[in-house]
Amino acid sequence: MAEFVSVEVADRIATIRLDRPKMNALNAQVQREIAEAARAVDADQDVRAVVVYGGERVFAAGADIKEMAVMSYADMNAHSRTLQDCFTAVARIGKPVIAAITGYALGGGCELALCADFRVAGESAKLGQPEIQLGIIPGAGGTQRLPRLIGPARAKDLIFSGRHVPAAEAQAIGLVDRVVPDAEVYQAARDWAATFTDGPAVALRAAKQAVDQGLEVDLDSGLEIERLQFSGLFATDDAKIGMTAFAEKSTPEFTGR
């Protein structure tokens, strides 16, 4: 049993819940537990969408600075790979993933939110990459995922300054997708996740992989990724169900196969 990260499944939506008082600091143990939870929900065929949630008070205030402060270069050189791997496990969940952000999502917390496909934030939430104020830089994907999401200039502004970005500005620059009242964050994320639970699971996974992998390569290579994913879906039951339903003007009932 994990101590700080739990997985709850209801209505085919899995919630990866962080619960390390007081601020969900992401120490090495939490990082490992996040990775284990991500791999578990990815493998669970009954799960069709995922919400990452830190509770009503805070999403995650970042890495455990007390733990990092005593690390040498050799220590961090070894640990940083584990750190990145844990977040990459979330990014590679082959299902729609929504981060439900309350309070602070700073440093590693912001980087964790960046691994989701979508981000819902409370009105009083604040996001940012304040590592520069510690004399370091983001090390769990912030310098790579953030510019891919909001563009290099805006990413540099956040990373160079280390400032905390309020929810309204975060939405304006594309860092979050929706802003709702604080008390509604988790339910809003679940409602969004629910729109995917009856969809064609294999096609959703293919779409996510095509987009994410395509961003890492040139256009021609990306088009080939898309072509192979597209043609491969014609071997699925869901493709037959979807096209038959279209021809018959009925509602498709996808099986996820």
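Because only heavy atoms are used, hydrogens play no part in the values below, and waters and symmetry mates are left out as well, while side chains stay in.
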Is the backbone N or O of [Y] less than 3.5 Å from a side-chain atom of [X], with the two atoms forming a donor-acceptor pair by type?
| X | Y | answer |
| --- | --- | --- |
| D182 | E123 | yes |
| T244 | I241 | no |
| E111 | G141 | yes |
| Q133 | G162 | yes |
| T102 | G55 | yes |
| Q171 | V176 | no |
| D42 | A38 | no |
| E33 | V5 | yes |
| R20 | A25 | yes |
| N24 | G54 | yes |

Do [X] and [Y] share a hydrophobic cluster (ILVMFWY, side-chain heavy atoms under 4.5 Å, transitive)?
| X | Y | value |
| --- | --- | --- |
| M23 | L106 | yes |
| I13 | W192 | no |
| V165 | V58 | no |
| V185 | L18 | no |
| V97 | L149 | yes |

Testing the basics here: between [X] and [Y], what is the closest heavy-atom pair and its distance to 0.1 Å?
| X | Y | value |
| --- | --- | --- |
| A167 | G122 | CB-O, 3.2 Å |
| G242 | P252 | CA-CB, 4.2 Å |
| A49 | A193 | CB-O, 3.6 Å |
| V202 | G256 | CG2-O, 3.5 Å |
| G107 | P130 | N-CD, 3.3 Å |
| A210 | Q229 | CB-CG, 4.4 Å |

Going through the checks in order, is the side-chain contact (heavy atoms from CB on, under 4.5 Å) test met by L114 and Q144? CA-CA 10 Å; L114 290 172; Q144 302 304 306; over 6 Å; no
[X] and [Y]: side chain donor to acceptor below 3.5 Å:
| X | Y | result |
| --- | --- | --- |
| S221 | D218 | yes |
| D75 | S72 | yes |
| Q187 | D191 | yes |

Note, [X] side chain near [Y] side chain (heavy atom, < 4.5 Å):
| X | Y | answer |
| --- | --- | --- |
| D85 | T82 | no |
| Q31 | H79 | yes |
| D177 | V120 | no |
| V52 | I101 | no |
| L127 | Y104 | no |
| V41 | I93 | yes |
| S231 | L233 | no |

Taking [atom1] in [X] as the centre, count heavy atoms belonging to other residues, nucleotides or ligands within less than 6.0 Å. Is the count above 12?
| X | atom1 | answer |
| --- | --- | --- |
| F87 | CZ | yes |
| D11 | CG | no |
| R205 | CZ | yes |
| E226 | CD | no |
| K156 | NZ | no |

With the threshold set at 4.0 Å, does a side-chain nitrogen-carboxylate oxygen contact exist between [X] and [Y]?
| X | Y | result |
| --- | --- | --- |
| E169 | R163 | yes |
| D212 | R92 | no |
| K95 | D117 | no |
| R148 | E216 | yes |

Could you walk me through whether R145 and C115 pass the side-chain contact (heavy atoms from CB on, under 4.5 Å) check? CA-CA 8 Å; R145 292 191 175 97; C115 294; 3.7 Å; yes
[atom1]/[X] to [atom2]/[Y] distance, rounded to the nearest 0.5 angstrom?
| X | Y | atom1 | atom2 | result |
| --- | --- | --- | --- | --- |
| K240 | F254 | NZ | CZ | 13.0 Å |
| L158 | L175 | CG | CG | 6.5 Å |
| Q129 | I136 | CD | CD1 | 10.5 Å |
| F4 | R17 | CZ | CZ | 13.0 Å |
| I225 | Q213 | CD1 | CD | 5.0 Å |
| I65 | E131 | CD1 | CD | 8.5 Å |

Could you give me the CA-CA distance, side-chain angles and deciding distance for T15 and Y186, then say whether side chain to side chain donor-acceptor pair (under 3.5 Å) is met? CA-CA 10 Å; T15 297; Y186 180 59; 2.6 Å; yes
Verdict with reasoning, V50 to I98, per side-chain contact (heavy atoms from CB on, under 4.5 Å): CA-CA 6 Å; V50 180; I98 301 168; over 6 Å; no
Just grab all the side-chain hydrogen bond (donor to acceptor under 3.5 Å, both in side chains) pairs involving residues 247-257, residues at least two apart or on different chains.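 Of all non-adjacent pairs touching residues 247-257, those that pass side-chain hydrogen bond (donor to acceptor under 3.5 Å, both in side chains) are D238-T255.
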Measure from NZ or CZ of R48 to the centre of the six-membered ring of F196 and say whether it is under 6.0 Å with the direction within 45° of the ring axis.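 Negative - R48 is either too far from the ring of F196 or too far off its axis.
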side-chain contact (heavy atoms from CB on, under 4.5 Å) between V51 and I16, worked out: CA-CA 6 Å; V51 174; I16 297 177; over 6 Å; no
